[in-house]
Amino acid sequence: MAKIIHIAIFSLPTYSHQASIIEFCKKLLHLHQQFHVTCIFPTISSPIPATVILLKSLPSTANCIYLPPVNEEDLPKDAPLAMQVQHAVSQSLSSFRDTLSSLHATTPLAALVTDVFANEALEIAKEFNLLSYIYFTTSTMTLSLLLQFPTLHEKVSGEYPDHIESIQIPGCMPIRGHDLPDDFHDRSSVVYKLILQRSKRLSLADGFLVNSFYEMEEDIVRSLQEHSGSSKNNAPIYLVGPIIQTGSSNMSNISQCLSWLENQRPQSVLYVSFGSLCSLSQQQLNELALGLELSGQKFLWVLRAPSDSTNPTFVGARNDDPLQFLPHGFLERTKEQGLVIPYWAPQTQILSNISTGGFITHCGWNSTLESIVMGVPMITWPLCADQKMNAILLAEGLKVALRPEFNKNDGTVEKEEIAKVIKGLILGDERNEIRQRIEKLKDAAANAFKEHGSSTRELFQFGTQMENLFLREPFK
């Protein structure tokens with residue numbers, strides 16, 4: 001009888017990260033049936049309902065342990081959501097260590113896989129002499145940045161947005177300082193120091209699992225492999241994506257969206273959504289509405305209330321009906337042109353619909369992968385986190401997206417520019433070339449998890465190498 005290989009998984013108290021790691025576990029267990037996985041999830045106040053539902057789809061060789069909840073009242077009120085999540089993870093580390101100890105005493109663990117944004121767990125894994133891996137819900141490009149970050153911190157003086165020369169990251173196109181994530185822009189900030197600590201901690205990992213696929217970031221992977229060969233950290237990198245999730249169900253919105261789409265011409269509708277973490281300002285929301293109207297093109301817009309802050313990294317605190325923030329008369333004037341849905345819509349169903357011809361996206365990695373898997377060309381509109389880098393990858397590297405020009409004075413995109421880039425994507429000369437390129441990526445994404453696909457090979461290799469290391473070493 002084959003020996004059971006027990007793996008612990010540690011994620012963040014956010015649905016997008018938990019959903020991604022759950023889908024990863026399902027793929028891993030399908031290939032390696034002798035494995036057993038225990039997911040360990042921190043919680044804020046209570047478990048996330050959508051995660052509880054998704055956990056039911058795991059096979060019997062997986063289970064989940066929720067750590068004691070962190071009280072939401074104990075988290076910093078005015079901090080961005082990312083910082084609140086980080087505080088919750090930090091407050092959960094003691095109970096995580098106790099849980100890991102209990103698991104290890106019952107059924108010896110082979111390894112820990114932790115989210116990159118909870119990589120303090122790597123130090124705890126070493127206490128138990130476990131193999132440790134980092135799961136990246138983001139791109140290989142972001143992995144390259146974080147691996148290079150301690151070196152950049154030493155080499156680049158001053159603030160990155162003020163740096164005149166482009167910044168070179170292994171395998172990536174030259175990046176301007178202001179296109180690095182916003183959290184990199186102030187060296188004196190707590191967040192900057194936290195990211196620097198996380199980046200230095202990457203050297204503890206025995207390998208990296210990235211939610212991407214080889215055909216999408218081939219050059220970056222090759223460069224990282226060459227770079228690691230001449231550095232101390234030569235941990236392997238496994239591209240195990242694209243891993244996407246369909247999200248929660250909302251039958252009324254599903255019915256309304258899909259019924260409306262069924263009545264539109266093929267590839268004629270522009271889908272507009274900026275995710276759930278960041279919001280536009282009221283000024284930018286007005287310009288976008290008027291730009292959609294001015295373009296004359298069909299649109300389906302998932303609308304959230306504008307941010308109360310000029311900083312889009314803060315989620316708007318308003319719980320009001322988002323429709324009241326639209327320009328006066330907009331809904332009436334565009335009732336034959338578009339559909340506006342408040343809060344949430346079934347994104348993967350919309351992107352896979354034959355009527356959808358383009359996607360204005362904030363370039364969050366989940367949305368990026370979903371658009372590629374469905375073969376939908378994009379207009380990049382990054383707001384926060386790693387989204388500016390993702391936009392560069394899409395528009396300049398892969399050339400499957402168009403980028404609007406942002407006003408240099410106030411950072412907004414004006415309605416005339418919005419209308420121009422929409423027409424370019426739906427009607428312009430570049431449309432066919434962009435569509436051909438994204439169709440190739442779509443095919444590659446579909447092939448990645450076939451029997452001999454690139455991600456299937458990577459996932460199999462990861463499991464086999466980890467198993468060999470575990471069985472060879474005297475782990476306790």
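Side chains of Leu28 and Phe35 form a contact here, defined as non-hydrogen atoms less than 4.5 Å apart. Contact annotation: the side chain of Ser144 never approaches that of Ser223 to less than 4.5 Å [non-hydrogen atoms, C-beta and beyond]. Within the 4.5 Å cutoff, no side-chain heavy atoms of Leu100 are placed close to those of Glu127. With a 4.5 Å cut-off on side-chain heavy atoms, His153 and Ile195 do not count as touching.
Here the OG atom belonging to Ser279 is positioned 9.5 Å from the CG atom belonging to Leu303, to the nearest 0.5 angstrom. For the atom pair CD1 (Ile48) and CG (Leu55), the distance works out to 10.0 Å, reported to the nearest 0.5 Å. Interatomic distance, CD1 of Ile7 versus CD of Glu467, reported as 9.5 Å (0.5 Å rounding). Between the CG atom in Leu459 and the OG1 atom in Thr464 there is a gap of 9.5 Å [rounded to 0.5 Å]. Interatomic distance, OG of Ser157 versus NE2 of His163, reported as 7.5 Å (0.5 Å rounding). Between the CD1 atom in Ile22 and the CD1 atom in Ile243 there is a gap of 11.5 Å [rounded to 0.5 Å].
Taking all atoms of both residues into account, the shortest heavy-atom contact from Leu109 to Ala8 is CD2-N, 3.9 Å. Heavy-atom minimum distance, Leu224 versus Pro170: CD2-CB, 4.4 Å. When all heavy atoms are compared, the tightest approach of Ile5 to Met466 is CG2-CE, 4.2 Å. In terms of heavy-atom proximity, Ala125 sits nearest to Leu112 at CB-CD2, 3.7 Å. Nearest heavy-atom pair across Pro42 and Gln18 is O-NE2, 3.9 Å. Nearest heavy-atom pair across Thr368 and Leu394 is CG2-CD2, 3.7 Å.
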Query - Steps toward side chain to side chain contact (heavy atoms under 4.5 Å, CB included) verdict (Met374, Ile244) - result: CA-CA 11 Å; Met374 305 305 172; Ile244 63 173; 4.2 Å; yes

Query raised in the report: Passes side chain to side chain contact (heavy atoms under 4.5 Å, CB included), Val116 versus Arg198? Steps please.
Result: CA-CA 8 Å; Val116 64; Arg198 279 203 194 118; 5.6 Å; no

**Report entry** Check against salt bridge (Lys or Arg N to Asp or Glu O under 4.0 Å), Lys26 and Glu23
**Finding:** CA-CA 5 Å; Lys26 287 156 68 173; Glu23 295 296 338; 3.3 Å; yes

Report task. Run the numbers on Trp365 and Thr142 for side chain to side chain contact (heavy atoms under 4.5 Å, CB included), then give the verdict. Result -> CA-CA 10 Å; Trp365 194 242; Thr142 303; over 6 Å; no

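Using modelled atom types, one finds no donor on one side chain facing an acceptor on the other under 3.5 Å when comparing Arg457 with Tyr238. Of the N and O atoms on the side chains of Thr61 and Gln33, not one donor lies less than 3.5 Å from an acceptor on the other residue. If you check the side chains of His17 and Tyr135, you find no donor sitting under 3.5 Å from an acceptor. Side chain to side chain, Tyr271 and Ser371 fail the donor-acceptor criterion of an N or O pair below 3.5 Å. Under 3.5 Å, the side chains of Ser102 and Thr99 contain no donor-acceptor pair of N or O atoms.
Residue Phe10 forms a ring-ring contact (aromatic ring centres under 6.0 Å, His included) with just one option from Tyr133, Phe117, Phe96, and that option is Phe96. Checking Asp182, Ile175, Leu180 one by one against Lys388, the side-chain contact (heavy atoms from CB on, under 4.5 Å) holds for a single residue, Asp182.
Ring-plane geometry between Tyr160 and Phe149 is classed as tilted, the angle between the planes lying from 30 to 60 degrees on a 0 to 90 degree scale. Between Phe24 and Phe462, the ring planes are tilted. Angles from 30° to 60° get that label.
With respect to Glu396 and Arg403, a salt bridge is recorded, a charged nitrogen being found less than 4.0 Å from a carboxylate O.
In this structure, Tyr192 has its ring center no closer than 6.0 Å to that of His185.
By the neighbour-count criterion of 12 heavy atoms within 6.0 Å, atom NE2 of His30 is sparsely surrounded, having that number or fewer from other residues, nucleotides or ligands.
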